[in-house]
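Single-structure report; data block below.
Since the model is a prediction, treat every value here as computed from it, not as a measurement.
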Amino acid sequence: MAEKVSGGSRGKPIRCRAAVCRKPGEPLVIEEIIVAPPMPHEVRIRIIYTSLCHSDLIFWKMMDFPGIFPRILGHEAIGVVESVGEDVNEVSEGDTVIPTFMAECGECRDCKSTKSNLCSKLPFKVSPFMPRYGTSRFTDLNGETLYHFLSVSSFSEYTVIDIAHVTKIDSGIPLSKAAGLLGCGVSTGVGAAWRTANVEPGSTVAIFGLGSIGLAVAEGARLCGATRIIGVDVNQDKFEVGKKFGLTDFVKAANSENKSASEVIIEMTDGGADYCFECVGMASVVQEAYACCRKGWGKTIVLGVDKPGSHVSIPSASILSTGKSLMGVLFGGLKPKSDIPILLNRYINKELQLDEFVTHEVTFEDINKAFDLLIEGKCLRCVICINYL
C-alpha cells in the first residue's frame with residue numbers, strides 16, 4: 001500500500017492501511033483508511049516499526065470512556081517524516097523520528113524547568129483527537145471518523161502527530177526496530193531509575209512487577225550502579241529473564257513462608273530498600289512497595305496504571321514519622337526531545353540494552369498475534385513491521 005503514496009502526496013490525503021479497533025476486545029481489522037495532511041504544528045509520519053504496550057491492551061479492552069471506538073491504537077514506534085505542516089521547523093521530510101505520548105513544547109514553564117516533564121501547554125490526556133485542534137486526521141472509506149490514541153496512533157502505515165510529540169533522531173544513527181521502544185516502555189522504566197529516583201551507586205532497589213516496564217527499571221538501576229536489584233513477581237521464571245537486566249534477587253509476590261513480600265525485603269535488606277518501584281498498576285502493590293522502602297530516605301516510585309477510581313491507603317502517621325517519599329511519574333520523568341537522544345546514544349555505544357527487550361516480531365498482517373503473545377505472557381515486546389524500508 002505504501003508504494004501507492006510514495007510521491008506527490010504532500011498536502012494531500014493519503015490512502016493507506018491501518019489496524020482499526022472497531023469494538024472493545026475484538027481483533028483489530030486491517031482496512032484501508034484516509035489520513036489527512038498535517039495541520040500547522042503537525043507532522044505526517046510513515047511508520048516503519050511499532051510495538052505493543054500494555055497500555056494498548058488496557059484501552060483495547062476498555063468499555064467506557066476514555067475507551068472509544070473505532071480507534072487506531074499504538075504509541076510505541078519509529079518512523080520517517082513524510083510531510084510537515086506550517087510552522088514546523090524541527091524536522092523535515094525524510095527525517096527519522098520517534099513519536100511519544102508525552103509532549104515537550106519547549107515553551108511553557110514546565111518544559112523550560114529541569115524539575116518537570118509535564119508540559120502545561122499540551123498536558124497529557126487520553127484524548128481521541130489531535131491535541132491542539134480537537135479533531136481527527138483519520139477517516140475510513142465511508143467517511144466515518146477514526147479516533148486517535150495517546151497522540152500517536154502507530155498501528156497505521158501513516159499517522160499525523162503534533163510536533164511537540166515528535167523527537168528527531170540523528171541522521172547518523174541507523175533506523176533500528178528496537179529504537180521505537182524508547183517511545184514508551186524502556187524510556188519509562190530506565191527514566192524512572194535514572195531521572196526520577198536518581199538511583200545512586202551502591203544502593204538497593206526493589207521492583208514490583210517484572211514486565212517490560214519493571215525490567216526496564218532494572219536496566220536503569222543497573223546503569224546507575226545499584227548493587228542489589230530485587231525483583232518481585234508472581235512468576236518465578238521472570239527472575240531468569242531479569243538477570244540479563246541486572247536483577248540480583250527474587251521474591252515471590254504471593255508470600256514466602258507466610259510473610260508478605262515487603263516483610264521479606266525488609267529482612268533481606270536490613271531495614272528496607274533505598275528505592276522501590278511499583279510497575280503493576282494496583283493500589284495494594286503501591287502500599288506493599290511503600291511498606292518496604294527504607295525509613296528516613298526511602299523513595300517509592302509509582303509507574304503502574306491502575307483502574308480508574310482506585311485509591312491508595314497509607315496511614316497518615318506512617319507518612320509523618322517514617323520520612324519516606326511516595327510519588328508517581330509519567331514517561332519516567334524524561335523530557336522526550338532531550339533525553340531520548342541520550343538513551344539512544346547509550347544504546348549505540350552498547351551501554352543500554354534495547355534489543356534484549358524484543359522477544360518477538362510479526363508482520364503488520366499478523367498484528368493480532370502480538371496481542372495474543374502479550375495476553376499469554378509470552379513476550380516482553382513484540383515488534384510489528386508496518387512498512388519495509
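Qualifying side chain to side chain donor-acceptor pair (under 3.5 Å) partners for Tyr347, counting only residues two or more places apart in sequence or in other chains: Ser176, Asp355. Asp233 pairs by the salt bridge (charged side-chain N to carboxylate O under 4.0 Å, His left out) definition with Lys238, not counting sequence neighbours. Qualifying side chain to side chain donor-acceptor pair (under 3.5 Å) partners for Arg71, counting only residues two or more places apart in sequence or in other chains: none. Qualifying salt bridge (charged side-chain N to carboxylate O under 4.0 Å, His left out) partners for Lys243, counting only residues two or more places apart in sequence or in other chains: Glu240.
A side chain to side chain contact (heavy atoms under 4.5 Å, CB included) with Cys279 holds for exactly one of Thr188, Val217, Leu210, Val232; it is Val217. With respect to Ser51, the side chain to side chain donor-acceptor pair (under 3.5 Å) criterion is satisfied by exactly one of His75, Glu76, His360: Glu76.
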Original post:
Taking it one step at a time, do Glu104 and Lys335 satisfy salt bridge (charged side-chain N to carboxylate O under 4.0 Å, His left out)?
Top reply: CA-CA 7 Å; Glu104 185 180 351; Lys335 290 180 179 290; 5.3 Å; no
Original post:
Between Cys385 and Glu361, does a side-chain contact (heavy atoms from CB on, under 4.5 Å) hold up when you go through it step by step?
Top reply: CA-CA 7 Å; Cys385 181; Glu361 298 177 35; over 6 Å; no
**OP:** Determine, step by step, whether Phe138 and Val20 satisfy the side-chain contact (heavy atoms from CB on, under 4.5 Å) criterion, reporting the C-alpha distance in whole Å, the side-chain angles of both residues, the deciding distance to 0.1 Å, and the verdict.
**Re:** CA-CA 11 Å; Phe138 302 123; Val20 180; over 6 Å; no
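Pairs of residues two or more places apart, or lying in two chains, never qualify as salt bridge (charged side-chain N to carboxylate O under 4.0 Å, His left out) while including a residue from residues 199-209.
Hydrophobic side-chain contacts under 4.5 Å tie Leu141 into a cluster, directly or through other members, with Ile34.
Atom OG1 of Thr359 is separated from atom CG of Leu373 by 7.5 Å, given to the nearest 0.5 angstrom.
Side-chain contact, Arg137 with Thr139: no donor N or O sits under 3.5 Å from an acceptor N or O. Using a 3.5 Å distance cut-off with no hydrogens or angles, the side chains of Asp162 and His41 do not pair a donor with an acceptor.
For Phe208 and Phe277, the ring centers sit 6.0 Å or farther from each other.
With hydrogens and angles ignored, the 3.5 Å screen pairs a side-chain donor or acceptor of Lys337 with a backbone N or O of Val166. With hydrogens and angles disregarded, a donor-acceptor distance shorter than 3.5 Å links the side chain of Thr159 to the backbone of Ser153.
Using a cut-off of 4.0 Å between Lys/Arg side-chain N and Asp/Glu carboxylate O, Arg17 and Glu157 are scored as salt-bridged. Checked for salt-bridge contact, Glu31 and Arg22 meet the test: a charged N lies under 4.0 Å from a carboxylate O.
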